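Single-structure report; data block below.
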There are 2 protein chains.
Amino acid sequence: MNKERLALDVMGGDNAPRAILGGAMLAVQDSFHTPMAPERIILVGDEEQLTALLEEAGGNPGFEVQHASEVVEMCDPPTAPLRGKTDSSIAVAVKAVATGDAGAVISMGNTGALVASATRLMGTLAGVKRPGIAVTFDLDKKPLTVLDMGANTAPKPDHLVQYALMGSIYAREGLGCEVPRVALLNIGEESSKGPELLREAHASMGTVPIDFVGNIEGNALFDGQADVVVSDGFTGNVVLKLLEGFSSFLLGLCQKELQQHGVDWAPEALTNMKQRIDYSEYGGALLLGVQGVVVVGHGRSDERAVANALVLAARQLDLGVNESIVKGIAQAGAAPGA
Amino acid sequence: MNKERLALDVMGGDNAPRAILGGAMLAVQDSFHTPMAPERIILVGDEEQLTALLEEAGGNPGFEVQHASEVVEMCDPPTAPLRGKTDSSIAVAVKAVATGDAGAVISMGNTGALVASATRLMGTLAGVKRPGIAVTFDLDKKPLTVLDMGANTAPKPDHLVQYALMGSIYAREGLGCEVPRVALLNIGEESSKGPELLREAHASMGTVPIDFVGNIEGNALFDGQADVVVSDGFTGNVVLKLLEGFSSFLLGLCQKELQQHGVDWAPEALTNMKQRIDYSEYGGALLLGVQGVVVVGHGRSDERAVANALVLAARQLDLGVNESIVKGIAQAGAAPGA
């Protein structure tokens with residue numbers, strides 16, 4: 001039993017298992033930006049494959065290996081780790097946290113399956129109504145956290161209010177933003193704008209201790225007017241994927257246009273740009289509100305992204321972000337008018 | 001009575017009235033890409049101001065001027081042209097179409113007010129349940145039309161099915177796409193994904209004669225997999241504004257990064273890029289489904305955008321897109337299974 005340990009799903013993701021294991025190897029190298037002890041990492045997956053890959057990589061530096069006989073595929077339903085594939089790498093990794101054998105789970109696999117099994121098997125934090133996925137973008141060195149990015153596609157107003165509180169606490173404790181400004185993603189700035197869900201959530205934001213700055217529209221998201229933006233999970237998920245596709249499209253167009261005008265595009269600049277808007281540079285998304293740390297990595301994660309995901313998970317545990325959330329929600333519940 | 005005429009709201013938009021009048025002047029110049037006769041344009045606004053501006057510009061080349069004593073401001077409610085500001089430039093321009101004095105209305109002013117008054121005063125096309133705002137983006141010379149971008153923020157499944165049909169007809173008749181591929185904006189490719197609204201709309205797409213290619217996610221929007229993308233108005237509006245803000249942010253970042261790497265950014269390339277993603281290059285958005293042509297221009301429209309908006313409106317009238325929509329909806333209604 002060691003709640004500081006990180007259970008890494010080695011079988012999930014487009015580049016699994018090789019890039020996932022590679023990420024673990026990278027995270028324990030002295031040359032890595034914040035190296036960790038290999039004993040902190042549990043590799044969860046097919047033992048035979050893992051043993052072969054570890055040998056190929058020059059031996060196991062000290063990881064624990066936990067065997068999982070199955071793999072949740074991208075086309076599997078969210079319930080797969082709970083029903084049917086109960087010995088999948090996601091299920092085994094989540095159970096490691098649920099039983100207290102680890103404090104965090106990291107997977108680049110099926111997001112829905114990870115969210116559903118973590119919510120069910122680990123349980124929600126005291127007072128939390130629904131967990132939410134928080135994604136942090138690096139905007140000109142100023143992090144912007146948006147949640148929910150898809151855990152809860154039919155939220156109620158009080159879910160959004162809790163996301164605002166959890167996001168604010170995360171921005172403060174996890175990202176060092178002293179007084180996070182929290183906004184609600186909507187189609188107009190006035191409190192009367194948008195669907196009933198958002199109008200009701202807007203009206204209730206005063207019940208939690210946050211610096212609520214009102215509604216924000218899509219075009220202002222990147223203007224630095226807010227540190228935390230709250231959205232329903234459907235819109236949040238569309239936004240997340242849209243930004244990903246649009247940035248690739250736009251950077252490709254940029255490159256073409258510049259070439260046509262005889263300007264050589266510096267490849268480092270392109271790499272830099274992509275990193276600025278790629279949330280996997282932050283290691284992935286966090287599922288906030290569950291009993292344990294859950295990092296939802298991008299399916300396309302490479303070794304660097306996996307190593308960053310391990311760092312993100314370790315930081316959440318070390319900083320005690322979940323403890324702060326529990327305290328914050330208890331205080332909000334006890335506040336007058338709550 | 002001349003249904004070929006275009007009623008231009010000269011008082012709406014950030015740069016009104018000067019840039020709006022400038023746009024009309026540009027549209028009738030021989031050097032313009034598709035010049036039109038000044039007699040085709042009705043300028044709607046404060047007569048005194050307009051007369052002064054026309055004199056300043058060297059005289060009225062032949063526009064009709066219709067006086068409107070009021071202006072709908074951006075902060076006014078959508079009902080302003082219907083109640084209270086009934087002599088506003090939006091109200092007068094919309095009434096010109098409603099009475100048959102013109103065939104199209106073009107405004108860069110308050111979108112909600114334009115949509116509400118056009119829907120109410122002009123009425124919907126036969127069989128159309130709810131009008132929708134269609135925006136066309138120029139993606140690598142291949143137009144992508146997305147609707148609804150905000151006319152209907154709480155649609156029903158059959159509204160989305162009609163948007164699919166209207167969008168398909170518009171892409172074919174208005175943009176020359178022979179067999180438009182129509183997709184539904186959702187958070188998963190499978191028909192079982194997303195909220196009930198989208199699942200039901202997906203199931204009913206077979207009742208209209210379109211080439212329905214299924215759900216599309218945000219990241220694939222720019223991959224050329226669809227020519228028409230259908231969305232609920234809330235998500236569509238968030239997407240529209242997000243793309244606007246994000247492209248400015250990203251291009252600014254690009255410029256900075258390139259400079260840091262000693263690469264001079266060619267200003268023409270930047271201008272080119274902005275044009276590729278700026279829907280006002282297509283003249284603005286279209287409100288599809290009303291009895292008449294309605295062009296919803298961007299508030300920030302400059303002279304060029306206004307001139308393009310006039311061209312867009314004229315094209316819709318000349319091509320008879322509305323007649324095709326009425327025919328298409330009647331046929332779909334008579335189709336088996338509809």
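If you're wondering where the values come from, they're calculated on a predicted model, not measured in any experiment. Chain letters run A, B, ... following the sequence lines, proteins first, then strands; residues in each count from 1.
For the options B:T235, B:N219, B:V239, heavy-atom pairs under 4.5 Å to chain A are most numerous at B:N219.
Defined by atom type and a distance below 3.5 Å, a donor-acceptor pair is present between the side-chain atoms of A:H33 and A:N308.
When the shell of 6.0 Å around CZ of B:R120 is examined, it contains 12 or fewer heavy atoms from other residues, nucleotides or ligands.
Heavy atoms of B:L221 lying under 4.5 Å from chain A belong exclusively to its side chain. Residue contact with chain B, scored on non-hydrogen atoms closer than 4.5 Å, involves the backbone and the side chain of A:L185 alike. Proximity to chain B is absent for every atom of A:D223, based on heavy atoms less than 4.5 angstrom apart.
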Verdict with reasoning, A:L240 to A:V135, per side-chain contact (heavy atoms from CB on, under 4.5 Å): CA-CA 8 Å; A:L240 183 66; A:V135 171; 3.9 Å; yes

Derivation of the side-chain contact (heavy atoms from CB on, under 4.5 Å) call for B:L144 and B:T136: CA-CA 5 Å; B:L144 169 73; B:T136 299; over 6 Å; no

side-chain contact (heavy atoms from CB on, under 4.5 Å) between A:L286 and A:V294, intermediate numbers included: CA-CA 6 Å; A:L286 284 165; A:V294 180; over 6 Å; no

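Residues A:A164 and A:V230 share a closest heavy-atom pair of CA-CG2, 3.5 Å.
Contact annotation for residues 147-157 of chain A against chain B (heavy-atom separation below 4.5 Å, listed by residue number): A:T153.
B:R130 places no side-chain N or O within 3.5 Å of a backbone atom of B:G289 that could act as its donor or acceptor partner.
Here CG of B:L114 is found 7.0 Å from CG of B:L287. Values are rounded to the nearest 0.5 Å.
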